[in-house]
Amino acid sequence: MRIATWNINSIRLRVDNMITWLNETRPDVVCLQEIKCQDEQFPREAFEGLGYNVAVHGQKGFNGVAVLSRLPFDEVTTGLPGGDGDVQSRFIEVVVSTAEGVVRVCGLYLPNGNPVDSEKYPYKLDWMARLKAHVAGRLAFEEPLVVCGDFNVIPEPEDAAHPEAWVNDALFLPQTRAAFRELLNLGLTDALRATSDAPGLYSFWDYQAGAWPKNNGIRIDHLLLSPQASDRLAAVGIDKHVRSWEKPSDHVPVWADLAIRA
DNA sequence: ATGGTAGATAGTCTA
């Protein structure tokens with residue numbers, strides 16, 4: 001089965017791009033971030049018509065996450081535990097049943113955290129601590145688990161075209177990278193780095209300053225796998241060409257194939 | 001160093 005993540009930067013503006021990409025990449029499960037709409041505004045019929053089930057956790061204006069799945073949902077839960085009073089829609093978790101048992105997928109939109117000297121950076125670090133606690137509990141289930149989404153974390157210098165430009169940014173500060181490593185150290189595998197140590201693999205290019213034509217990108221969209229998922233990892237891809245389409249998102253889809261029959 | 005672009009929205013805020 002193929003599991004993908006894509007920060008779509010407004011689902012309503014990019015229905016056509018989504019449909020083209022779904023037909024091309026044929027993912028079984030897709031986690032979407034920055035849908036930028038409320039639940040009732042999500043264009044679910046467009047995807048249901050292609051055979052996808054739709055789960056949405058939206059909000060007005062910003063953020064918002066969703067999951068599309070060819071397999072029916074056994075469970076859908078929204079919101080990251082531990083956020084008393086956190087009203088930002090950034091986390092959705094589903095369980096689907098395959099021919100070979102359940103697969104659990106967490107879709108997340110981790111806070112950006114800039115500016116670093118504002119309340120946004122401590123919010124990011126707190127959110128990462130909450131994520132670590134939640135994932136630790138889920139790993140105890142010993143299931144195939146995929147934790148994927150826009151992490152807003154550049155894990156290593158190789159994950160940026162110009163790492164020196166990011167040294168004071170919330171996406172690359174030592175504390176941010178350390179929190180990401182803590183997550184990995186629970187026992188998760190970065191799917192892309194399990195299959196390639198090549199530099200120049202990016203998932204985001206800013207709309208500004210010609211970042212895309214200059215290939216000034218960063219890798220911040222990740223799929224992290226539990227041991228039971230990692231043992232079945234067959235392939236990983238970044239659909240980079242999508243960035244050159246008309247009206248593109250500033251992110252491109254990243255996917256992983258698991259040797260689990262859907 | 002600065003400012004550059006895009007999206008939701010109707011002021012600016014977020015990225």
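- Each salt bridge (Lys or Arg N to Asp or Glu O under 4.0 Å) pair with one or both residues in residues 194-214 of chain A, not counting sequence neighbours, would appear here, but there are none.
- Within residues 7-16 of chain A, the residues having any heavy atom under 4.0 Å from DNA chain B are, by residue number, A:Asn9, A:Ser10, A:Arg12, A:Leu13, A:Arg14.
- Qualifying salt bridge (Lys or Arg N to Asp or Glu O under 4.0 Å) partners for A:Arg243, counting only residues two or more places apart in sequence or in other chains: none.
- You can see that DNA chain B meets the heavy atoms of chain A within a 4.0 Å-exclusive cut from B:dG4 to B:dA15, reading 5' to 3'.
- Proximity of residues 117-130 of chain A to DNA chain B (heavy atom under 4.0 angstrom from any strand atom) is restricted to A:Lys120.
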Name the atoms and distances for all side-chain donor-acceptor pairs under 3.5 Å in residues 137-145 of chain A, with sequence neighbours left out.
unit_1   : atom_1 : unit_2   : atom_2 : d
A:Arg138 : NE     : A:Glu93  : OE2    : 2.6
A:Arg138 : NH2    : A:Glu93  : OE2    : 3.3
A:Glu143 : OE1    : A:Arg104 : NE     : 2.8

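- Qualifying ring pair (Phe, Tyr, Trp, His ring centres under 6.0 Å) partners for A:Phe172, counting only residues two or more places apart in sequence or in other chains: none.
- When the C1' atom is used for both B:dG7 and B:dG11, the distance is 15 Å, rounded to whole Å.
- The residue among A:Asp150 and A:Lys247 whose nearest nucleotide of DNA chain B lies closer to the 5′ end is A:Lys247.
- As rounded to the nearest Å, B:dT9 and B:dA15 have C1' atoms that lie 15 Å from one another.
- Atom P of B:dT14 sits at a distance of 15 Å from the matching atom of B:dA10, rounded to the whole Å.
- Residue pairs meeting the salt bridge (Lys or Arg N to Asp or Glu O under 4.0 Å) criterion with at least one partner in residues 3-26 of chain A, sequence neighbours excluded, do not occur; the list is empty.
- In A:Asn23, the CG atom is crowded: over 12 heavy atoms of neighbouring residues, nucleotides or ligands sit closer than 6.0 Å.
- Smallest separation of non-hydrogen atoms from A:Cys148 and A:Ala4: SG-O, 4.4 Å.
- Residues passing the salt bridge (Lys or Arg N to Asp or Glu O under 4.0 Å) test with A:Asp250, sequence neighbours excluded: none.
- Annotation: of the two residues near DNA chain B, A:Gln208 and A:Gln88, the 5′-most nearest-nucleotide partner is A:Gln208.
- Checked against salt bridge (Lys or Arg N to Asp or Glu O under 4.0 Å), A:Asp159 has the following partners two or more places apart in sequence or in another chain: A:Arg193, A:Arg219.
- Every residue two or more places apart in sequence or in another chain was checked for a salt bridge (Lys or Arg N to Asp or Glu O under 4.0 Å) with A:Arg181, and none qualifies.
- For residues 116-128 of chain A, there are no salt bridge (Lys or Arg N to Asp or Glu O under 4.0 Å) pairs, not counting sequence neighbours.
- Residue-level contact check: A:Phe204 touches neither bases nor backbone, having no heavy atom under 4.0 Å from any strand.
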